[in-house]
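Side chains included, hydrogens not; waters and symmetry mates left out as well; all remaining heavy atoms used. Everything quoted here is computed from the prediction, not taken from an experiment.
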Amino acid sequence: MQTINATLFAAAASLNAFWVLNIAKEAYPAVKEFLNFYPVTGPLLGLYVLSVAIFCFVYVLTRKMSLAAAPYYFMLSCLLFALAVFPPIYEPIVAWLIAK
């Protein structure tokens with residue numbers, strides 16, 4: 001059960017990192033440039049690579065822990081991810097960050 005919970009927790013952390021980085025790449029040119037390490041694909045490849053790296057890192061850290069709330073954290077993260085990449089929510093956040 002610890003492996004399942006660690007996987008769910010790592011997936012949730014990866015989802016949260018993805019939407020945060022996605023907003024940051026649109027709001028801050030330095031983040032977009034950092035993620036654009038292979039210009040043919042643009043910053044999207046960097047976004048995916050960083051999300052997978054975060055998944056692996058968090059999984060290694062948590063695989064021996066007892067994370068009973070991991071399924072709930074995963075479900076909440078999925079909802080938050082769906083909202084954070086939805087254009088009517090995503091675009092005002094980016095505009096707010098750019099104006100700041």
Using every non-hydrogen atom in the two residues, find where [X] and [Y] come nearest and quote the distance to one decimal.
X	Y	value
L61	M65	O-SD, 4.0 Å
Q2	R63	CB-O, 3.8 Å
T7	T3	OG1-O, 2.8 Å

Spacing of CZ belonging to F57 relative to CG belonging to L50, to within rounding of 0.5 Å: 12.0 Å
Under 4.5 Å between side-chain heavy atoms, chaining through other members, with only Ile, Leu, Val, Met, Phe, Trp and Tyr counted: pull out the rest of the cluster around [X], sorted by chain and number.
X	result
M75	Y72
L45	F37, Y38, V40, V49
Y59	none
L79	none

Are [Y] and [X] connected into the same hydrophobic cluster when the rule is that any two of I, L, V, M, F, W, Y join if their side-chain heavy atoms are below 4.5 Å apart?
X	Y	answer
F34	I23	yes
V85	L47	yes
L83	F81	yes

With a cut-off of 3.5 Å and sequence neighbours excluded, list every side-chain donor-acceptor pair involving residues 87-100.
none

Looking at L67, is its backbone amide N or carbonyl O close enough to the side chain of N5 to form a donor-acceptor pair, meaning the two atoms are under 3.5 Å apart? yes
Can you give me every donor-acceptor pair (side chain of residues 25-33, partner residue at least two apart or in another chain, under 3.5 Å) with its distance?
none

Let me check something: any side-chain donor-acceptor pairs from residues 9-21 under 3.5 Å, sequence neighbours excluded? List them with distances.
from: S14; atom 1: OG; to: S51; atom 2: O; distance (Å): 2.9
from: N16; atom 1: OD1; to: W19; atom 2: NE1; distance (Å): 3.0
from: N16; atom 1: ND2; to: A12; atom 2: O; distance (Å): 3.2
from: N16; atom 1: ND2; to: Y73; atom 2: OH; distance (Å): 3.0
from: N16; atom 1: ND2; to: S77; atom 2: OG; distance (Å): 3.1

Which residues share a side chain to side chain contact (heavy atoms under 4.5 Å, CB included) with I4, sequence neighbours left out: M1, L8
